[in-house]
Amino acid sequence: MPMPRWLGHVNKRVFNPRAIAGGRRPVLIHAGRISGTTYRTPLDAHPVDGGYLFILVYGSRSDWVQNILAAGGARLRVDGKEVELAAPRLVGEDEAFQALPAEVARPPKLLRITEFLRMDLVAG
């Protein structure tokens, strides 16, 4: 896991609610895989050909990643509208960096991020 779990818990409880309330960051809307509760997770969403790519700063074992993989999709609120995403899959650095536009900064090697989540836009 690239970033310590305790930092994720701080973000979840302190910073995420502020980011959601601010309304400027993309927010991933997903259902809990056990509870069915609707969750909102603010994060960076990078548009790629046919969908979006998410850099997994806390790794693929994060609850939100596991929820999306189990559900087979999620919704993304971005630029004031919601889009439906499907076919979530973990991809490695090579595929992720090839898909990301050149102007998007790559994560620093120091963070040892090697997993990314890619999802496709649902037509409609």
(message) Can a side-chain donor-acceptor contact be found between E115 and S60 if the only test is distance below 3.5 angstrom?
(response) yes

Exercise: identify the closest heavy-atom pair between [X] and [Y]:
X	Y	value
L85	V122	C-CG2, 4.1 Å
L28	L76	CD1-CD1, 3.9 Å
H30	A74	CB-CB, 4.2 Å
A99	V48	O-CG1, 3.5 Å
G36	A31	O-CB, 4.2 Å

(message) Salt bridge or not between R77 and E82? Use side-chain N to carboxylate O under 4.0 Å.
(response) no

(request) Look at R118 together with D49 and state whether they make a salt bridge at an N to O cut-off of under 4.0 Å. (result) no

(message) Is there a side chain to side chain contact (heavy atoms under 4.5 Å, CB included) between L117 and Y52? Walk through the geometry before answering.
(response) CA-CA 8 Å; L117 181 71; Y52 282 86; over 6 Å; no

(request) Check the pair F116 / E95 against side chain to side chain contact (heavy atoms under 4.5 Å, CB included), numbers first and verdict last. (result) CA-CA 9 Å; F116 302 80; E95 183 178 336; over 6 Å; no

(request) Would you indicate whether the side-chain heavy atoms of L121 and E84 approach each other to under 4.5 Å? (result) no

(request) State whether the side chain of D120 and the backbone N or O of A87 hold a donor-acceptor pair below 3.5 Å, judged by distance alone. (result) no

